[in-house]
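Okay, structure first, notes after.
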Amino acid sequence: MNDLNQEQQPSRSAKKRAAKAVEDMAGRLVALGDADFRRLPLNGEIREAIDEARRINSHGARKRQLKHLAGLLRRDEDSHQQAEDFLEDLQLGRRKAAADFHYLEALRERLCDPEQREGALDEVRQKMSRIDTDKLRRLAESARQHKDKRAFRELFRMLKAAHPEEL
């Protein structure tokens, strides 16, 4: 009977790993930028603990406050889940923004390459129907022939402005 009871409970190491994961999450919450912190969907004691930890400069005091915050998060499962979901959504948004940025850079490079230009223009026409393709073509040609950095940047700006939210 005692062996069965031990199998159902997490090991001491598993408990330590879980506690460390909550402390790491607390650290990420404290490290949020001001804009992200304002959007954080937490209220009450946990939000106050995060705000206080953000104001603390002393390493030791900040570490104690992080442990206190982690304890609050462990006790309030709903807040813990909300914070975890918020951080995950934030990370996904950043990954999508980075992927979109890289996509637009690659598209700009293809527009500047004479061999790939027509295929890239077709892609632009399909995904960004309201963009002026003649102007894109002129800017790409100027960027390629004259090494015009202004045209290169303007090309990216146009692509970014016309870029749909969902590709």
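Note: hydrogens, waters and symmetry copies are ignored here, and every other heavy atom, side chains too, is used.
- Counting heavy atoms from C-beta outward, Leu66 and Glu23 have side chains that stay 4.5 Å or more apart.
- Summarising the geometry, atom CZ belonging to Arg153 is positioned 9.5 Å from atom CZ belonging to Arg108; distances are rounded to the nearest 0.5 Å.
- Looking only at distances, a side-chain donor or acceptor of Arg117 sits under 3.5 Å from a matching main-chain atom of Leu111.
- Annotation: side chain of Arg137 is not in contact with side chain of Thr133 (no heavy-atom distance under 4.5 Å).
- With values rounded to the nearest 0.5 angstrom, Gln81 atom CD is found 8.5 Å from Glu88 atom CD.
- Glu45 CD: 12 or fewer foreign heavy atoms inside a 6.0 Å radius.
- Counting only heavy atoms from C-beta outward, the side chains of Arg39 and Leu32 never approach each other to under 4.5 Å.
- Applying the side-chain contact (heavy atoms from CB on, under 4.5 Å) criterion to Ala61, with sequence neighbours excluded, gives Ile56, Ser58, Arg64.
- By the salt bridge (Lys or Arg N to Asp or Glu O under 4.0 Å) test, Asp34 pairs with Arg54, sequence neighbours left out.
- Legend: residues meeting side-chain hydrogen bond (donor to acceptor under 3.5 Å, both in side chains) with Arg110, ordered by chain and number and at least two apart, are Glu123.
- Legend: residues meeting side-chain contact (heavy atoms from CB on, under 4.5 Å) with Ala162, ordered by chain and number and at least two apart, are Met128, Ile131.
- Applying the side-chain contact (heavy atoms from CB on, under 4.5 Å) criterion to Arg17, with sequence neighbours excluded, gives Ser13, Ala14.
- Glu105 is not listed as a side-chain neighbour of Glu109, based on a closest heavy-atom distance of 4.5 Å or more.
- Under the 4.5 Å side-chain criterion, counting only non-hydrogen atoms from C-beta, Phe86 is not in contact with Gln91.
- Asp113 pairs by the side-chain contact (heavy atoms from CB on, under 4.5 Å) definition with Glu115, Gln116, not counting sequence neighbours.
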Apply side-chain contact (heavy atoms from CB on, under 4.5 Å) to the pair Val124 and Leu159, showing each step before the final yes or no. CA-CA 8 Å; Val124 167; Leu159 291 171; 4.2 Å; yes

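- Atom CG of Asp122 and atom NZ of Lys127 lie 12.0 Å apart (nearest 0.5 Å).
- Taking the side-chain hydrogen bond (donor to acceptor under 3.5 Å, both in side chains) definition, one finds that Arg157 meets it with Glu154, sequence neighbours left out.
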List the steps and the verdict of salt bridge (charged side-chain N to carboxylate O under 4.0 Å, His left out) for Glu141 and Arg144. CA-CA 5 Å; Glu141 194 59 33; Arg144 185 185 70 80; 2.8 Å; yes

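- Under a 4.0 Å N-O distance rule, the pair Arg94/Asp36 qualifies as a salt bridge.
- Summarising the geometry, atom OG belonging to Ser142 is positioned 10.0 Å from atom CG belonging to Leu155; distances are rounded to the nearest 0.5 Å.
- Annotation: side chain of Gln82 is not in contact with side chain of Asp85 (no heavy-atom distance under 4.5 Å).
- Residues near Leu92 contribute nothing to a hydrophobic cluster around it, because no ILVMFWY side-chain heavy atom sits closer than 4.5 Å to its side chain.
- Between Asp134 atom CG and Leu139 atom CG the span is 11.0 Å, to the nearest 0.5 Å.
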Side-chain atoms of residues 68-78: list all donor-acceptor pairs with protein atoms under 3.5 Å, sequence neighbours left out, distances to 0.1 Å.
{"unit_1": "Asp76", "atom_1": "OD1", "unit_2": "Asp78", "atom_2": "N", "d": "3.4"}
{"unit_1": "Asp76", "atom_1": "OD1", "unit_2": "Ser79", "atom_2": "N", "d": "3.3"}
{"unit_1": "Asp76", "atom_1": "OD2", "unit_2": "Ser79", "atom_2": "OG", "d": "2.8"}

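- Legend: residues meeting salt bridge (Lys or Arg N to Asp or Glu O under 4.0 Å) with Arg38, ordered by chain and number and at least two apart, are absent.
- Between the CG atom in Leu107 and the NZ atom in Lys160 there is a gap of 14.5 Å [rounded to 0.5 Å].
- Listed by chain and number, the residues in a salt bridge (Lys or Arg N to Asp or Glu O under 4.0 Å) with Arg55 are Asp51 (sequence neighbours excluded).
- Listed by first then second residue, pairs satisfying ring-ring contact (aromatic ring centres under 6.0 Å, His included) with a partner in residues 141-161 read Phe101-Phe156, not counting sequence neighbours.
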